[in-house]
Amino acid sequence: MKKGIGILCAAAAAIMLTACGSKQEETVSIEIESLAEELLETVTSDSLSETASSLIPSIYYLDEDAVVSAVAYASSGATSCEIAVIESADTEDAAAAEEKLQTRVDNQTELYATYNESEADRLDTAIIKSTGVYTVLCVCDDTDAAEKILDSYGF
């Protein structure tokens with residue numbers, strides 16, 4: 001009897017794990033301009049300027065061939081606030097983009113630490129997330145609101 005219950009429990013656990021695995025593979029489709037604009041309007045009080053799309057790969061150290069499209073907004077340098085939303089060619093490129101965005105945050109932290117410590121501290125709460133082929137960087141005033149927005153987009 002105990003052996004039968006053990007087998008039944010193992011089978012139930014396998015079914016639950018399979019269900020969880022399939023949920024993670026759902027395809028997410030995001031209009032990156034809408035997401036970037038919503039973050040821009042909601043989570044930062046700084047006036048950010050749109051970055052030319054041709055500059056985004058070099059600013060964020062991305063492989064140009066791996067980027068399908070990207071939108072970014074950045075401060076003039078007075079603050080560390082910035083928003084970047086990147087659509088990559090595939091999930092491997094999105095994972096690489098996430099690493100590159102972390103490199104960007106690390107470099108910005110070092111830079112701001114030399115002349116504006118409070119902005120370097122803001123970078124400690126930078127949000128970097130990926131879902132499917134999309135990756136986001138958000139350095140902002142209101143990380144709780146940013147997390148809610150990102151959650152609504154499937155991050």
Side-chain angles (χ1 to χ4, degrees), residues 16-155:
M16 285 188 270
L17 288 174
T18 302
C20 291
S22 65
K23 185 177 181 182
Q24 292 175 352
E25 295 178 16
E26 289 178 8
T27 303
V28 176
S29 181
I30 296 171
E31 188 177 319
I32 65 169
E33 293 84 4
S34 295
L35 172 55
E37 194 170 304
E38 187 172 350
L39 288 169
L40 178 66
E41 293 173 0
T42 307
V43 301
T44 183
S45 60
D46 193 12
S47 178
L48 305 182
S49 300
E50 187 167 2
T51 303
S53 59
S54 61
L55 297 176
I56 292 173
S58 62
I59 291 170
Y60 296 103
Y61 318 107
L62 303 169
D63 176 5
E64 286 185 45
D65 296 331
V67 177
V68 173
S69 60
V71 178
Y73 294 94
S75 168
S76 63
T79 71
S80 59
C81 292
E82 67 183 289
I83 295 165
V85 184
I86 300 158
E87 179 181 0
S88 298
D90 58 39
T91 55
E92 289 179 15
D93 290 333
E98 194 170 348
E99 291 176 15
K100 300 295 185 175
L101 292 176
Q102 184 60 57
T103 300
R104 166 75 175 176
V105 168
D106 294 343
N107 290 345
Q108 290 293 89
T109 301
E110 287 181 32
L111 175 67
Y112 278 99
T114 64
Y115 72 93
N116 192 340
E117 189 66 36
S118 64
E119 292 302 317
D121 292 342
R122 184 192 320 246
L123 286 154
D124 290 339
T125 62
I127 300 168
I128 302 172
K129 289 188 169 188
S130 290
T131 185
V133 296
Y134 304 97
T135 309
V136 171
L137 164 64
C138 186
V139 181
C140 63
D141 299 322
D142 191 346
T143 56
D144 290 337
E147 290 285 4
K148 287 178 185 173
I149 292 168
L150 292 173
D151 186 51
S152 74
Y153 279 83
F155 284 88

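The backbone N or O of V105 lies less than 3.5 Å from a partner atom in the side chain of T109, making a donor-acceptor pair. Side-chain N or O atoms of Y112 include one that pairs as donor or acceptor with a backbone N or O of T79 at under 3.5 Å. In this structure a side-chain-to-backbone donor-acceptor pair under 3.5 Å is missing from T125 to D121. Without hydrogens or angle criteria, E119 side chain to S80 main chain gives a donor-acceptor distance under 3.5 Å.
L48 and S75 get closest at one heavy-atom pair: CD2-N, 3.4 Å. The shortest heavy-atom contact between G132 and A94 is O-CB, 3.5 Å. Between T42 and A145 the shortest heavy-atom distance is CG2-CB, 4.3 Å. Shown here for A120 and A113, the closest heavy-atom pair between the two residues is CB-N, 3.8 Å. Contact between Q102 and I128 at its shortest, heavy atoms only, is OE1-CD1, 3.3 Å.
Remark: F155 CZ to C138 SG distance equals 11.0 Å, nearest 0.5 Å. We find the OH-NZ distance between Y60 and K100 to be 15.0 Å, quoted to the nearest 0.5 Å. Taking CD1 from I86 and OG1 from T135, the interatomic distance works out to 6.0 Å, rounded to the nearest 0.5 Å. Distance check, rounded to the nearest 0.5 Å: CD of E64 to CD1 of I56 gives 11.0 Å. One finds the OH atom of Y61 at 7.5 Å from the OG1 atom of T103 (value rounded to the nearest 0.5 Å). Atoms CD1 and CD1, on I127 and I83 in that order, are 10.0 Å from each other to the nearest 0.5 Å.
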Audit row: I30, E87, side-chain contact (heavy atoms from CB on, under 4.5 Å) steps and yes/no: CA-CA 9 Å; I30 296 171; E87 179 181 0; over 6 Å; no

Check against side-chain contact (heavy atoms from CB on, under 4.5 Å), V67 and D63: CA-CA 7 Å; V67 177; D63 176 5; over 6 Å; no

Trace of the salt bridge (Lys or Arg N to Asp or Glu O under 4.0 Å) decision for D141 with R122: CA-CA 8 Å; D141 299 322; R122 184 192 320 246; 2.2 Å; yes

Verdict with reasoning, V43 to I149, per side-chain contact (heavy atoms from CB on, under 4.5 Å): CA-CA 9 Å; V43 301; I149 292 168; 4.2 Å; yes

Derivation of the side-chain contact (heavy atoms from CB on, under 4.5 Å) call for I32 and S69: CA-CA 8 Å; I32 65 169; S69 60; 3.2 Å; yes

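Dense packing is recorded around CD of E117, with more than 12 heavy atoms of other residues, nucleotides or ligands lying under 6.0 Å away. Atom CD of E92 sits in a sparse spot, with 12 or fewer heavy atoms from other residues, nucleotides or ligands closer than 6.0 Å.
Between T91 and D93, the side chains place no donor N or O within less than 3.5 Å of an acceptor N or O (distance only, hydrogens not considered). Donor-acceptor pairing under 3.5 Å is recorded for the side chains of Y153 and E38.
Within the 4.5 Å cutoff, the side chain of L39 has no heavy atoms near those of the T44 side chain.
Look at K129 and E98 and you find no salt bridge, because none of the NZ, NE, NH1 or NH2 atoms lies under 4.0 Å from a carboxylate O.
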